[in-house]
Number of protein chains: 2
Amino acid sequence: MSKADAVPFETTLFVKDHCLCLATQRAARALARRFDEALKPAGLTSGQFSLLHALNREAPPSIGAVASLLAMDRTTLTANLKPLERRGLLTTAVDPADRRGRRLSLTDAGRAALAAAMPIWRATHAEIDARLQAFDGEAMRSALGALA
Amino acid sequence: MSKADAVPFETTLFVKDHCLCLATQRAARALARRFDEALKPAGLTSGQFSLLHALNREAPPSIGAVASLLAMDRTTLTANLKPLERRGLLTTAVDPADRRGRRLSLTDAGRAALAAAMPIWRATHAEIDARLQAFDGEAMRSALGALA
DNA sequence: GCTAATTATGTTGATATCAACTTAATTCGT
DNA sequence: ACGAATTAAGTTGATATCAACATAATTAGC
């Protein structure tokens with residue numbers, strides 16, 4: 001690697017200011033930390049809150065359907081289910097109509113955890129939403145930056 | 001938990017459509033997967049690409065400075081450095097001016113990896129950017145959704 | 001100058017993330 | 001009906017993420 005081939009510092013500055021992947025990762029980390037902190041009294045992380053919500057419906061969804069809803073790798077979801085199942089917040093059951101599949105259901109404890117978390121989510125989300133009022137369209141990257 | 005206290009399904013739908021944390025996590029996962037896949041020929045993940053860029057400057061930055069730049073927990077960064085240092089893409093050295101701190105520097109191999117990744121980043125990012133042209137202001141959540 | 005507060009980082013344990021590979025059940029083509 | 005292709009999940013290994021706790025160096029107050 002000769003010096004002439006190295007990425008110039010100006011290019012690095014351009015990536016830092018334009019990379020949507022980086023901006024989104026930064027915002028995702030910052031938001032997760034914030035909700036994780038806020039949701040602590042409810043005993044849930046931000047990801048667990050979203051996961052339990054995905055199960056809060058009449059017909060218990062399959063693993064693949066939930067993974068798709070969360071835009072998450074299927075195997076990641078499998079791993080994320082374990083601590084929640086261990087704590088008795090959800091149950092898994094083989095789908096009688098298709099024995100390859102498994103159906104995910106909230107338990108009463110899971111529904112209670114979700115109910116306890118809702119007021120916290122409302123309050124925290126309102127604060128974050130308020131910060132976004134200042135932004136409009138093209139400023140999406142700026143908005144992501146402001147969240148981080 | 002009586003049934004009356006459970007979170008209604010309508011509330012779950014509201015959270016799914018309005019939660020900025022979930023939308024950002026979804027977008028972050030999807031974007032990371034996409035860049036991870038694209039950057040494979042360069043031997044880097046999206047996170048490693050951002051990390052190496054953070055080191056591409058004259059004065060080697062400290063761990064804390066880089067963690068802040070990436071909006072990442074300091075200990076996460078420490079862990080992320082290990083595989084890259086093992087591969088010889090960066091080096092760490094105690095700061096002579098403050099022996100508590102460590103300075104992070106790219107090696108020639110690290111600069112070469114970054115240079116190899118740049119054209120891939122440009123191409124991939126251009127594709128994603130094109131998808132955002134359709135969106136404006138309030139549609140930030142929609143835009144995040146479209147990315148996922 | 002000396003002690004206390006602060007700062008920069010390391011370590012550990014739990015959880016999250018994904019790719020690659022494997023297993024089992026269903027569906028499809030003939 | 002039967003073998004092949006497809007689909008749903010599980011398993012494993014590497015990496016990423018963060019909180020809580022611990023250590024060492026610097027700085028601030030007196």
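In this text, all values refer to a predicted model and were calculated from it rather than measured experimentally. Just so it is clear: chains get the letters A, B, ... in the order the sequence lines come, proteins before strands, and each one is counted from 1.
- Residue B:R99 places at least one side-chain N or O closer than 4.0 Å to OP1 or OP2 of D:dT26.
- Dashed line: the shortest gap from a side-chain N or O of B:N80 to OP1 or OP2 of D:dT15 is not under 4.0 Å.
- Within the 4.5 Å cutoff, side-chain heavy atoms of A:Q48 are placed close to those of A:L84.
- Remark: B:T75 is not in phosphate contact with C:dT9, judged by side-chain N or O atoms under 4.0 Å from OP1 or OP2.
- Regarding A:L81, its CG atom lies at a distance of 12 Å from the P atom of D:dT11, rounded to whole Å.
- Cluster annotation: B:L106 and B:I120 are assigned to the same hydrophobic cluster (Ile/Leu/Val/Met/Phe/Trp/Tyr, side-chain heavy-atom contacts under 4.5 Å, transitive).
- Atom CG of A:L31 and atom P of C:dA16 are 17 Å apart (whole Å).
- When each of A:R86 and B:A28 is assigned the nucleotide of DNA chain C bearing its nearest heavy atom, the one mapping closer to the 5' terminus is A:R86.
- At a cut-off of 3.5 angstrom, the base of C:dG10 holds no donor-acceptor pair with the side chain of B:R102.
- Rounded to an integer number of Å, the gap from CZ of B:R26 to P of C:dT17 is 13 Å.
- If you run side chain to side chain contact (heavy atoms under 4.5 Å, CB included) between B:N80 and each of B:V66, B:L51, B:T45, only B:L51 comes through.
- OP1 or OP2 of D:dA14 has not a single side-chain nitrogen or oxygen of B:R87 nearer than 4.0 Å.
- When the side-chain nitrogen and oxygen atoms of A:R33 are compared with OP1 and OP2 of D:dC18, one or more of them lie within a distance under 4.0 Å.
- Per the geometry, NZ belonging to B:K40 stands 14 Å off P belonging to D:dT15, to the nearest Å.
- Note on B:T78: every side-chain N or O is 4.0 Å or more away from OP1 and OP2 of C:dT9.
- Per the geometry, CG belonging to B:L52 stands 11 Å off P belonging to D:dA16, to the nearest Å.
- Taking the side chain as every heavy atom from C-beta outward, A:F35 and A:F49 never approach each other to under 4.5 Å.
- Taking side-chain N and O atoms only, A:T76 has a distance below 4.0 Å to OP1 or OP2 of C:dC18.
- Residue-level contact check: A:R103 touches neither bases nor backbone, having no heavy atom under 4.0 Å from any strand.
- Checked by distance alone, B:R100 brings a side-chain donor or acceptor within 3.5 Å of a matching partner on the base of C:dT7.
- Pairing each heavy atom of A:P60 with each of A:L104, the nearest pair is CB-O, 3.3 Å.
- Looking at heavy-atom distances under 4.0 Å, B:Q48 makes contact with sugar-phosphate atoms alone, never a base.
- Remark: P of D:dA14 and CG of A:D73 are 17 Å apart, rounded to the nearest angstrom.
- In this structure, the nucleotide among D:dA25, D:dC21, C:dA19 sitting nearest to the side chain of B:R74 is D:dC21.
- Of the listed nucleotides (D:dT15, C:dT9, C:dT17), C:dT9 has the atom at the smallest distance from the side chain of B:S62.
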